[in-house]
Q: 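Got a structure for you, written out below as structure tokens; questions coming shortly.
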Amino acid sequence: MKKDLRSMSLEEIKELMIELNEPAFRAKQLFEWVHKKGIESIEDISNFSKELKEKIAQNAKITCLNLKTKQVSEDGTIKYLFALEDNNYIECVLMRYRGTKSKKRNTLCVSSQVGCAMGCGFCATGLGGFKRNLTAGEILSQIYTVNNYLKIENDDLMVGNIVYMGMGEPLLNFENVLKSIRLLNELLGQNISIRRITISTCGIVPKIVDLADLNLDIVLAVSLHAPTDQLRSQIMPVNQQYPLKVLKEACIYYVKKTRRRLTFEYALVNNFNDTKEHAYVLADYLKDIFSHINLIPVNPTVTEKFQRPQRVKIQDFLEVLTSSGIEASIREERGTDIAAACGQLRGKVVE
Ligand code: SF4
């Protein structure tokens, strides 16, 4: 089977070039074409001879994504649905932040799996079950493909921030996610600082510990969504395996090992987890963890079962947290008019 160049590290490309009896500098050039310039075909390499390109193409290929559909939100957010080579579908979401020069950025929310086994109650991806892990090349292809669209549009900014928050639980595809992060960080590749990369997890405790031990500068975001086991287990089955107490120990370990502030995500759902009492219990849970919590009024398009609380309730909830010394803010989801929450577009097209 042909190797996928987008899944290959510089070392692996060097080995390939040695097998093909080519000098080492060719490996660097090939790596740049693949991981920096994001070419979609070996044919596009302009400084290799036809013979060399044919020799590489006999042994390797470039994973490409096939755009099935896209939706553009009023706020400029773009959601893409891509078909993989095996005809499975994945989504990614481009968020274009504009405004002052220093705040201007393009952030891409990428998928790490086809489907997801975690079954969170508010998530369209979870409803469809798990199909398979993405390779590192398939994860990176989302970034390279969107960058190629941005180049066509003459956008002066490429994707500079990545969030592993699309379809799938990234910590359950640990090796491929880490490999893709290391490749994004390569000087000869995208050269994206690891500090600009966020992994979002529903709380896979042993993997949080493994990630802590690697001591990378990744931003880790943990989806909490409820302050008690009784409530959390209702919407997040993972809580039965890794309840809040165990999750808290892992979070404290992560902060201690990495000295980095954790991010928590809390989707506020009307009459479910949004009372002042919930906020006090949450404040107590968070008080020993160096963290920031994002309160996200739930996207009402996910399912009618989950409605967003009224503005005054959201403000009261925030007030309880901040007055208890917890760093918290309200984060409005982007692209709500195009159902940008993960899995929704795929769900519609597959239906
Ligand atoms: S929210 Fe994330 S972890 Fe939960 S089911 Fe959806 S994709 Fe999986």
Side-chain angles (χ1 to χ4, degrees), residues 79-82 84 88-93 95 108-134 138-139 142 162-174 176-177 180 197-208 211 218-226 229 231-244 246-247 250-251 262-269 272-273 293-303 305-306 308 331 333-336 339-350:
K79 183 171 195 173
Y80 302 93
L81 180 75
F82 291 117
L84 300 163
N88 274 308
Y89 287 1
I90 53 165
E91 296 178 7
C92 68
V93 180
M95 291 157 286
L108 193 69
C109 174
V110 296
S111 294
S112 56
Q113 297 181 316
V114 179
C116 183
M118 304 318 292
C120 302
F122 46 81
C123 169
T125 302
L127 293 177
F130 171 73
K131 286 216 167 154
R132 70 171 175 85
N133 282 330
L134 296 186
E138 287 169 332
I139 295 170
Q142 298 167 64
I162 319 288
V163 287
Y164 288 75
M165 210 181 261
M167 295 167 64
E169 165 50 61
L171 293 187
L172 289 183
N173 186 12
F174 200 72
N176 290 334
V177 163
S180 67
I197 297 175
T198 300
I199 289 185
S200 170
T201 179
C202 65
I204 310 293
V205 163
K207 293 295 172 190
I208 294 176
L211 193 63
I218 290 173
V219 179
L220 183 65
V222 178
S223 299
L224 215 48
H225 303 325
D229 282 327
L231 272 190
R232 193 163 186 263
S233 293
Q234 282 181 39
I235 50 165
M236 298 182 74
V238 69
N239 194 68
Q240 282 151 28
Q241 199 174 359
Y242 306 117
L244 284 167
V246 180
L247 179 60
C251 290
L262 259 175
T263 300
F264 286 104
E265 311 282 359
Y266 191 100
L268 276 168
V269 182
F272 176 71
N273 61 0
I293 184 159
N294 290 318
L295 304 175
I296 310 151
V298 75
N299 178 351
T301 55
V302 175
T303 142
K305 217 165 96 189
F306 299 114
R308 73 170 48 206
R331 202 188 70 203
E333 268 188 337
R334 292 177 64 95
T336 46
C342 63
Q344 288 179 285
L345 186 56
R346 171 177 171 263
K348 275 187 202 158
V349 172
V350 170

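Basis for what follows: all heavy atoms, side chains included, without hydrogens, waters or symmetry-related copies. Start at 1 and go down the list; that is how both ligands and their atoms are numbered.
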Q: Not counting sequence neighbours, which residues clear salt bridge (Lys or Arg N to Asp or Glu O under 4.0 Å) with Arg132? List them please.
A: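 In terms of salt bridge (Lys or Arg N to Asp or Glu O under 4.0 Å), with neighbours along the sequence ignored, Arg132 is linked to Asp86, Glu138.
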Q: At a 4.0 Å threshold, what atoms of ligand 1 neighbour a non-hydrogen atom of Cys116?
A: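 Taking each heavy atom of Cys116 in turn, ligand 1 has 3 (S), 5 (S), 7 (S), 8 (Fe) under 4.0 Å.
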Q: Verify side chain to side chain donor-acceptor pair (under 3.5 Å) between Thr201 and Glu169, making sure each step is shown before the conclusion.
A: CA-CA 6 Å; Thr201 179; Glu169 165 50 61; 3.0 Å; yes
Q: Can you tell me if an N/O/S atom from Cys123 lies under 2.8 Å from atom 4 (Fe) of ligand 1?
A: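 It does not: Cys123 brings no N, O or S atom closer than 2.8 Å to atom 4 (Fe) of ligand 1.
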Q: Considering residues at least two apart in sequence or located in another chain, which fulfil the side-chain hydrogen bond (donor to acceptor under 3.5 Å, both in side chains) criterion with Asn239?
A: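 Asp229, Arg232, Ser233.
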Q: Looking at every heavy atom in both Ser111 and Glu91, which two are closest together, and how far apart are they?
A: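 That closest heavy-atom pairing would be OG-O, 2.6 Å.
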Q: Of Ala124, Gly121, Gly168, Cys202, which has the heavy atom at the shortest distance from atom 2 (Fe) of ligand 1?
A: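 Nearest heavy atom to atom 2 (Fe) of ligand 1 lies in Gly168.
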Q: In terms of atom number and element, which parts of ligand 1 are under 4.0 angstrom from non-hydrogen atoms of Gly119?
A: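 Result: 5 (S).
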